[in-house]
K.L.:
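Can you read through this structure? Questions will come right after.
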Amino acid sequence: MGKILAVTACPVGIAHTYMAAENLQKAGEALGIDIKVETQGSIGVENALTEDEIAEADGIIIAADKEVPKERFAGKKVIITGVQDGIRKPEELIKRIQNGDVPVYKPQLAAANGAKKGKSKENPIYKHLMSGVSYMVPFIVVGGLLIALALMLGGEQTPGGIKIPDGSFWKHVESIGSTAFMFMVPILSGFIAVSIADRPGLVPGMIGGYIAANGSFYGSEAGAGFIGGIIAGFLAGYVALGIKKIKVPKAVQPVMPIIFIPIIASVIVGLLFIFVIGSPVAHVFEALTDWLAGMQGGSSILLALILGAMIAFDMGGPFNKVAFLFGSSMIAEGNYEIMGPIAVAICIPPIGLGLATFINKRKFTQTERDAGKASFTMGLFGITEGAIPFAAQDPLRVIPSIMVGSMVGSVIAMLSKVGDSVAHGGPIVAVLGAVDHVIMFFVAVIVGVIITAIMVIALKKNVEAVPVTIGGDSNDAESVHEKTVQNTNTQRTEVASLNSEIHKLTDITSIELIETNLMGMNRDDVIDEIISKFASNGIVRSKQEFKQAILNRETESSTGLGMNIAIPHGKSNTVNRPAVAFGIKRDGVDWNSLDGTPAKLIFMIAVPEEAAGDAHLKILQMLSRKLMDDEFRKQLLKVDSKQEAYKLLESI
């Protein structure tokens, strides 16, 4: 008996991860093969493969539609394919390894093999950028909030700006925050490069990012900021990837990822940034500073527009720094009315984006809404970098919005002769008494913030459903009385249900949530029919809100899994507790399934937005594994009553 290992993973269709795992295990048993499958779903890695198991394995099957680290499989026979092959062709994959018709995995060929594996439609540039941003965000939040806290509690107004006394407790806190900011750009660059070239890209990416953030390497006081970090990250990633593709002797292959690739790529990226990219940029910004200095007087409104745009454009990057340094230099000359508009513009992007996440939650993911709270707080203390996560993820909509808001605020401040006697921005400077014409300062900030929020909300598309209020849709089936009672008890119901463990499917379903003869003529009709079950049993408060959550999920990828199965699912605050409804559509309905089969067995999952422990993922896992059993599906299709169906579901 041989030993085969497998890894299954899917970025969106979570159920596919477990369906592929189940089918590979069943095929292994049928062929007399000992097989272990590691799943990499949204819950995380489960049933992880150990080093000893990998060493003893005859081969590895990676059935995944997302990037799976493969370095641990170096020297082993590895099949890299899509998750659908794990579901539909498990025996074929296993027999390929048995027959030896599989190449030995070599790290330098990872890119070529990876290009064949996926069916993901995600833009690779976007994927790499988001990988870097996801690692950078915690550094922005920690650094910004620590500096803000230190300024608020330990800051003192001085002629040179808001400063924290040396040697004080808050000076140490500020230093910790500054350290977090110091890592921000290198982390962004490093993990963009890792996403492109795996671990060999980390060192050149971080070195390139550090050089980008420190203009001393190429004669610039401002540096290249986070935009330079993005350039450095992509440059490092693709340079490292190019080196990985070079054929080298077998004796050199083991040390390529840890010695030669990082060293060569770091030198190339570093020198390119110092001599080709960074140095010319420094001259551009020096000329820009001189140009700005000549625009005072009659061109004050135009100057305010330019300063506001520069402050917002790269949020702490080189344009922002040039404008800020220009305003600071004017303070030294006794002109406070240049720094005033800058102080206004500095805080508008983070506060405006934070406000937008509060006003219209439909436009933002849960992660963005969480970042919005930190962004709003950072803006109060004049930390523009709080807007970076939003701009990095959606630059074409966010950057114009924050630029317009900052420009308007800057112009209002300039016309109102708002002055700022310290080299800092945001409401904190007004609180500490460093601002002239305080009322107009806040008027300028508020107007700019509102414009930014309105523009972002208008430009961005809805991303997910949000909770309905008591005064919501009057056409909902639930009565006002029902909504009032449910709203009063929602928190207690949710806490009780979310803290309970889900051990089997019948813990969260009932006979009342089963329909063995669905009548809907198309997918949306069937969705409405099943949601009505939830509504009549007090599972959801708003049918419309929950349907939107279901349809939003369907736009990401169809939940028609094939084999006559569909598992639509949605997370929404309109859901009172986790639940599953089951319906049978005897003649089937088109669900855009990957194998083209109509959906006959339909399981709908409803979970609250705050579902602790990722309840919907646990439910998906349970369902996916059981539904791979052909006999079980046949039995379900044969049931004549709700009671028969419920009895079968008790086995899940």
K.L.:
Could you work out, with side chain to side chain contact (heavy atoms under 4.5 Å, CB included) as the rule, every residue matching Pro395, not counting sequence neighbours?
P.N.:
Ile399
K.L.:
Taking Ala197's backbone N and O only, do any of them form a donor-acceptor pair with Lys244's side chain (distance below 3.5 Å, no angle check)?
P.N.:
yes
K.L.:
Provide the closest heavy-atom pair for Gly233 versus Ile196 in the form atom of the first, atom of the second, distance.
P.N.:
O-CD1, 4.3 Å
K.L.:
By side chain to side chain contact (heavy atoms under 4.5 Å, CB included), which residues pair with Phe169, not counting sequence neighbours?
P.N.:
Val173
K.L.:
Look at Lys460 together with Asp394 and state whether they make a salt bridge at an N to O cut-off of under 4.0 Å.
P.N.:
yes
K.L.:
Starting at CZ of Arg397, measure out to CZ of Phe390 and round the result to the nearest 0.5 Å.
P.N.:
15.0 Å
K.L.:
Residues two or more places apart in sequence or in another chain: which of them pass side chain to side chain contact (heavy atoms under 4.5 Å, CB included) with Ile268?
P.N.:
Val239, Ile264, Leu272
K.L.:
Identify, with sequence neighbours excluded, every residue that meets side-chain hydrogen bond (donor to acceptor under 3.5 Å, both in side chains) alongside Lys171.
P.N.:
Glu174
K.L.:
If we ignore hydrogens and angles and just use 3.5 Å, is the side chain of Ser416 paired with the main-chain N or O of Val418 as donor and acceptor?
P.N.:
no
K.L.:
List for me each residue that meets ring-ring contact (aromatic ring centres under 6.0 Å, His included) alongside Phe260, sequence neighbours excluded, and say none if there are none.
P.N.:
none
K.L.:
For Phe217, does the CZ atom have more than 12 heavy-atom neighbours from other residues, nucleotides or ligands under 6.0 Å away?
P.N.:
yes
K.L.:
For Asp198 and Lys70, run salt bridge (Lys or Arg N to Asp or Glu O under 4.0 Å): C-alpha distance rounded to whole Å, both residues' side-chain angles, the deciding distance at 0.1 Å, then the answer.
P.N.:
CA-CA 9 Å; Asp198 292 329; Lys70 299 176 283 292; 5.2 Å; no
K.L.:
Backbone N or O of Pro257 within a donor-acceptor pair of the Arg199 side chain at under 3.5 Å?
P.N.:
no
K.L.:
If we only count heavy atoms from C-beta on, is the Ile207 to Val269 side-chain gap below 4.5 Å?
P.N.:
no
K.L.:
Indicate the ring-plane relationship of Phe273 and Tyr218, choosing parallel, tilted or perpendicular according to the 30° and 60° boundaries.
P.N.:
tilted
K.L.:
Inspect the surroundings of CZ in Phe183 and state if more than 12 heavy atoms from other residues, nucleotides or ligands are less than 6.0 Å away.
P.N.:
no
K.L.:
Just verifying a value: how many Å separate Ile230 CD1 and His128 NE2, rounded to the nearest 0.5 Å?
P.N.:
13.5 Å
K.L.:
Got a second to check how far Ile346's CD1 is from Ile311's CD1, nearest 0.5 Å?
P.N.:
4.5 Å
K.L.:
Who are the salt bridge (charged side-chain N to carboxylate O under 4.0 Å, His left out) partners of Arg72, not counting sequence neighbours?
P.N.:
Glu38
K.L.:
Using 0.5 Å steps for rounding, measure from the CG atom of Asp166 to the OG atom of Ser175.
P.N.:
9.0 Å
K.L.:
Counting neighbours of CD1 on Ile439 that are heavy atoms of other residues, nucleotides or ligands and sit closer than 6.0 Å, is the number greater than 12?
P.N.:
no
K.L.:
Quick one: side chains of residues 186-194, donor-acceptor pairs under 3.5 Å with protein atoms, not counting sequence neighbours, listed by atom name and distance.
P.N.:
unit_1	atom_1	unit_2	atom_2	d
Ser189	OG	Val185	O	3.1
Ser189	OG	Gly229	O	2.6

K.L.:
With rounding to the nearest 0.5 angstrom, report the CE to CD1 distance, Met256 to Ile261.
P.N.:
4.5 Å
K.L.:
Checking side chain to side chain contact (heavy atoms under 4.5 Å, CB included) between Val344 and each of Val445, Val447, Ile446, which is the one that passes?
P.N.:
Val445
K.L.:
Identify the two heavy atoms, one from His172 and one from Gly167, that lie closest to each other, and give their separation to 0.1 Å.
P.N.:
NE2-O, 4.2 Å
K.L.:
Over all heavy atoms of both residues, which pair between Ala387 and Ser375 is shortest? Give the atoms and the distance, please.
P.N.:
N-OG, 4.2 Å
K.L.:
Step by step, work out the side chain to side chain contact (heavy atoms under 4.5 Å, CB included) result for Asp420 and Ile338.
P.N.:
CA-CA 8 Å; Asp420 179 11; Ile338 300 299; over 6 Å; no
K.L.:
Does the side chain to side chain contact (heavy atoms under 4.5 Å, CB included) test come out yes or no for Phe234 and Ile125, once each step is laid out?
P.N.:
CA-CA 9 Å; Phe234 279 101; Ile125 300 298; 3.8 Å; yes
K.L.:
If you take all heavy atoms of Pro427 and Leu380, which pair is closest and at what distance?
P.N.:
CD-O, 3.2 Å
K.L.:
Can you list the residues that meet the salt bridge (charged side-chain N to carboxylate O under 4.0 Å, His left out) rule with Glu337, with sequence neighbours excluded?
P.N.:
none
K.L.:
Got Ser572 and Pro608 here, is their nearest side-chain heavy-atom distance under 4.5 Å?
P.N.:
no
K.L.:
Looking at every heavy atom in both Pro262 and Ser266, which two are closest together, and how far apart are they?
P.N.:
O-OG, 2.6 Å
K.L.:
If you look at every heavy atom in Ala453 and Ile359, which pair is closest and at what distance?
P.N.:
CB-CD1, 4.4 Å
K.L.:
Could you please spell out the steps behind the side chain to side chain contact (heavy atoms under 4.5 Å, CB included) verdict for Leu459 and Leu396?
P.N.:
CA-CA 9 Å; Leu459 293 175; Leu396 296 180; over 6 Å; no
K.L.:
Apply side chain to side chain contact (heavy atoms under 4.5 Å, CB included) to residues Lys363 and Val456 and explain how you reach the verdict.
P.N.:
CA-CA 9 Å; Lys363 303 287 184 174; Val456 167; over 6 Å; no
K.L.:
Indicate yes or no for a side-chain donor-acceptor contact from Thr377 to the backbone of Lys373 under 3.5 Å, with no hydrogens or angles considered.
P.N.:
yes
K.L.:
Could I get the full list of ring-ring contact (aromatic ring centres under 6.0 Å, His included) partners for Phe275, not counting sequence neighbours?
P.N.:
none
K.L.:
Taking only residues two or more places apart in sequence or in another chain, which ones pass side-chain hydrogen bond (donor to acceptor under 3.5 Å, both in side chains) with Thr357?
P.N.:
none
K.L.:
Only counting residues at least two apart or in another chain, list the ones meeting side chain to side chain contact (heavy atoms under 4.5 Å, CB included) with Pro341.
P.N.:
Ser410, Ala413, Met414
K.L.:
Quick one: pull up CD1 in Ile348 and CG in Leu355 and give me the separation to the nearest 0.5 Å.
P.N.:
12.0 Å
K.L.:
Any heavy-atom pair between the side chains of Ile402 and Phe313 that's under 4.5 Å?
P.N.:
no
